[in-house]
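A short write-up of the structure that comes next.
Here the structure is a predicted model, which is why all the values come from computation and not from measurement. Residue numbers start from 1 in every chain, and the chains themselves are labelled A, B, ... in the order their sequence lines are given, proteins ahead of strands. In what follows, every heavy atom counts, from backbone to side chain, and hydrogens, waters and symmetry copies are set aside.
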Amino acid sequence: MSDPVLAEGAIKKSVPQTEKGTSLWQDAWLRLRKNTFALLGLGVIVFFCIIALLTPYIAPYGYEQQNLMLGAVPPSAEHWLGTDIFGRDMLTRIMYGSRVSLMVGFIATGVALIIGVLWGTIAGYAGGRVDAVMMRLVDILYALPFMIFIVLLMVVFGRNILLLFLAIGAVEWLTMARIVRGQVLSLRRQEFIEAAVSLGLSRWTIIRRHLIPNTLGPVIVYTTLTIPSVMLLEAFLSFLGLGIQPPQSSWGLLISYGVETMEEYPWLLLFPGLALSITLFALNFLGDGLRDALDPRASRN
Amino acid sequence: MPLLEVDNLTTHFHTREGVVKAVDGISFCVNRGETLAIVGESGSGKSVACYSLLKLIPQPPGIIAGSALFEGNDLLQADDKTLQKIRGNDIAIIFQDPMTCLNPYLTVGEQLIEPLIYHRNISRKDATYRAIEILGEVGIVEPEKRVGSYPHEFSGGMRQRVMIAMALITEPKLLICDEPTTALDVTIQAQILELVKVLQRKRNIAVIFISHDLAVVAGIADNVAVMKDGLIVEQGPVDDIFYHTQHDYTKKLLASIPEGAKPPPNSPLPANTSITENKPLLSISHLKTHFHDYSSGWLKRNQKVIKAVDDVSLNIKQGEILGLVGESGSGKSTLGRSILQLVPVTSGSVVFDGTDLTNLSPARMKPMRRRMQMIFQDPYASLNPRMTVFDTLAEPLLYHGLATRKNVTEQVLALMDDVGLAHAAIRKYPHEFSGGQRQRIAVGRAISTKPELVIADEPVSALDVTIQAQILDLILELVEKHNLTMLFISHDLSVVRYIADRIAVMHHGKLVETGSTESLFAAPQHEYTKRLLSAIPVADPARERKRQVELTQLGVDN
């Protein structure tokens, strides 16, 4: 007969009948809240985002406001993070730079995330010819030289910051799609997917509720790696004159200029570099925290 | 003096949750030419105990204490070098899964002679000669040819024979068999057990036989030790354990071996007669499910076709439990999946309540899916690890509109009552449950849509024997309560005998025999059914000993 421990009426009564089951995301949030490092990372990122949003109102100087008499000075009371060779305030430039960098980082990665996860899941789950065609397309895009692809886009559509997001996102999703497809291939043979099919769930429901949540671990880790690489890619494109142009700034751009004058004016490299590193650390902590929080098998404490 | 004398063996693991006392002070001894069976459920510490003797467990974090005198030397005090000499040389181990224990990149001959070359300094030529000899001894046909074959060229049973040959080639004094037949079919199991017994007598070696199944050890053990939670609760000569059982746990183990017919249903109606008059709910005719074997290269046109289900016709009547038995590879699982259209059917028809399912569009299949459900074999793989019990059970209810957002919790709790899960578990994830409890969740999900037909694919074969009995009873109870019709797929005849009204036997994709449970067991018609029946181990040492003599005379060992 049924297990006496399980069937004990006493346990049942102690749970209020209105008790609702929680979803994965609610549970994940509860667990994330207990992870100090992840919360710290989240806090840093939220703080940076708020600063970036408020920059036009709180920046101490204008981003193109030059003071050629001043030149490059190290950090001081007037210029907390020093100035560059044109006498522009570094703090201001880093703050304006964060607007571009964070936006590129998050939007381009978001584009890559959405396309990559959907593409990979559909290819992996459909299998057969659909999978073959979808993945060959990925291979072809892989084979296209990235720079030529971007330059072509720029030539056709003109220089546009939105296009930059799309272009980077359109390249970064390829790896994501491959990672997700690999995951899904191993998942779809599992019995719980078969169980979902035999429950009569539609393919879309199976993909959304059963497949995607189970691919999240590697996806999150890869996402936290993609954001910084996208930020650096933007700097590279900007450096080539394809991204944003001075006097506008981004972290990547500031860093690449800082490298040139590293020996004379180290603070021009140090502070934008610090801003990027802190963001990366915060993202890594948050990413690890999210991965653990989204995996119910990780310890509950 | 006994060959191995273990005194107060203790193995503790330090884990994050604290100290786990896997083995908590056990003592036993084995004499030359004797077989000691250590029986217990998973987690009882039976394997850890034996691996501790040879320090085959990580150490630290494992702590091993006590003493184990092997020919007078304490194994637990021996240094690594001495142990290395003893391992595989004086003490050999046969592992559970013959599929993963052989290196796929080396020929079996290569793997057989390895210990001879390392331990004995025998020349390659002599070693190979010895390997051929021992392969013949364990019943491999044409050993001089097979010695150059790779593991994948052998079947599961043959591989286990190779494993045994490998264990015996250094002429060990003690052989440890860790569930050597659990991964094998019942007819193969009988052959392997017989082989172990014959070889043991011939070579006068001591055997420690680890098993979760009392019936398996009944025929081969001289002494039995029953383990539970790291302790030996009872040990003694095999006849004493079976006929004069002392400890409650042993009694429980013996009682949970399904044997004999299922208990009569509580309903006053004589179930069997009413069932025979019922109309068939499901009728399958000339069903074929074939797969292409792409291993020969998918570009080639001459693909091999695997006929997993080959021209099967079968009716399942309303309210009936039909047991489908067969060995692994017989196509019984594929048949179950073909009925539910989980695999593409090659030809034939599956008519469920008047509707042929084989050509239905997904949209028209959806309402049919609600009416037929499946319980899967592995409760670890069949539940989405990221969904709580609530999510798992609520999903089908909401999806099929059987519950609203408002009353879904109520209905989930009712389902949990049905399958004997405590309400407090509603927010837990699958990994927080034991195997048996997980299978309860899976059963709950299967009955959530109020199906008429349930296909149970080996629902208890991944579970411990005492849990098995609980789940079988739960299934019987639910079948009666919800008036279910069931196709119960299993390789285990004693389980099917316990639960089914009628039995169908499958062999190589074909249905070889169907009949009512009693008549099939009393008078099997087909040759294969007879073989299958005679191979079931019985938890009765006297009968087992007699049966083995018969088996040998019959020459089942082909």
Side-chain angles (χ1 to χ4, degrees), chain A residues 1-28 30 128 132 186-187 189-206 208-217 293-301, chain B residues 16 337 340-342 362 365-370 372-374 376-378 380-391 393-396 399-400 409-410 412-413 416-417 419-432 436-437 440 442 445-446 448-449 455 467 470 473-474 477:
Chain A
M1 281 311 298
S2 57
D3 196 325
V5 182
L6 293 166
E8 257 174 35
I11 307 173
K12 288 177 198 165
K13 296 285 162 9
S14 67
V15 175
Q17 293 290 304
T18 50
E19 181 91 271
K20 271 203 158 184
T22 48
S23 77
L24 181 67
W25 297 99
Q26 284 167 297
D27 256 14
L30 286 178
S186 69
L187 282 173
R189 289 272 158 249
Q190 298 231 10
E191 284 184 343
F192 73 86
I193 299 297
E194 246 184 328
V197 175
S198 64
L199 281 174
L201 302 188
S202 70
R203 283 181 197 180
W204 177 239
T205 314
I206 291 170
R208 193 171 47 86
R209 287 184 53 95
H210 293 275
L211 283 174
I212 291 182
N214 279 294
T215 62
L216 283 178
L294 281 167
D295 186 356
R297 279 163 296 192
S299 147
R300 278 213 156 184
N301 315 310
Chain B
R16 249 186 254 171
R337 282 167 166 76
L340 291 181
Q341 308 296 307
L342 291 174
M365 191 63 203
K366 184 185 156 187
M368 304 304 286
R369 290 222 183 274
R370 187 194 66 72
M372 28 203 249
Q373 283 302 316
M374 185 149 178
F376 293 87
Q377 172 174 10
D378 184 356
Y380 292 85
S382 67
L383 297 171
N384 186 337
R386 294 186 191 236
M387 280 167 76
T388 59
V389 175
F390 174 82
D391 285 335
L393 296 180
E395 182 174 53
Y399 192 82
H400 287 288
T409 310
E410 222 170 278
V412 167
L413 290 175
M416 291 175 74
D417 282 342
V419 296
L421 285 168
H423 286 193
I426 191 165
R427 290 176 52 184
K428 287 191 175 175
Y429 289 92
H431 73 275
E432 296 172 81
Q437 288 169 317
R440 284 174 192 268
R445 177 178 56 189
S448 66
T449 61
I455 293 178
I467 311 293
Q470 290 174 17
D473 284 339
L474 173 72
E477 194 186 308

*Quick one: list whatever passes side-chain contact (heavy atoms from CB on, under 4.5 Å) with B:Gln341, sequence neighbours left out.*
B:Val345, B:Val350, B:Leu357, B:Thr358, B:Met365, B:Arg369
_B:Arg337 side, atom CZ; A:Ser198 side, atom OG - distance, nearest 0.5 Å_ = 9.0 Å
*Can you say whether B:Met372 sits under 4.5 Å from chain A via the side chain, the backbone, both, or neither, judging by heavy atoms?*
backbone
*chain A heavy atoms under 4.5 Å from B:Pro385: which part of the residue, side chain, backbone, both or neither?*
both
*Partners of A:Asn214 by side chain to side chain donor-acceptor pair (under 3.5 Å), sequence neighbours excluded?*
B:Asn384, B:Arg386
*Nearest 0.5 Å please: distance from the CD atom of B:Glu395 over to the CG atom of A:Leu199.*
6.5 Å
*Give the C-alpha distance, both sets of side-chain angles, the deciding distance and a yes or no for side chain to side chain contact (heavy atoms under 4.5 Å, CB included) between A:Thr205 and B:Tyr399.*
CA-CA 9 Å; A:Thr205 314; B:Tyr399 192 82; 3.5 Å; yes
*In terms of heavy-atom proximity below 4.5 Å to chain B, should A:Leu294 be classed as side chain, backbone, both, or neither?*
both
*Check whether any side-chain heavy atom of B:Met374 lies under 4.5 Å from a side-chain heavy atom of A:Glu194, and answer yes or no.*
no
*Which atoms form the tightest heavy-atom contact between A:Leu30 and B:Arg427, and what is the distance?*
CD1-NH2, 4.3 Å
*Search all heavy atoms of A:Arg209 against all heavy atoms of B:Asp391 and return the closest pair with its distance.*
NH2-O, 4.0 Å
*asked:* Heavy-atom pairs under 4.5 Å with chain B - which of A:Leu216, A:Leu187, A:Ile193, A:Val197 has more of them than the others?
replied: A:Val197
*Most chain A-contacting option - heavy-atom pairs closer than 4.5 Å, from B:Ile455, B:Thr449, B:Val412, B:Asp378*: B:Asp378
*Which region of A:Arg203, side chain (C-beta onward) or backbone (N, CA, C, O), has a non-hydrogen atom less than 4.5 Å from a non-hydrogen atom of chain B, or is it both or neither?*
neither
*asked:* Looking at every heavy atom in both B:Ser382 and A:Ala195, which two are closest together, and how far apart are they?
replied: O-CB, 4.1 Å
*Part of B:Leu383 lying under 4.5 Å from any heavy atom of chain A*: backbone
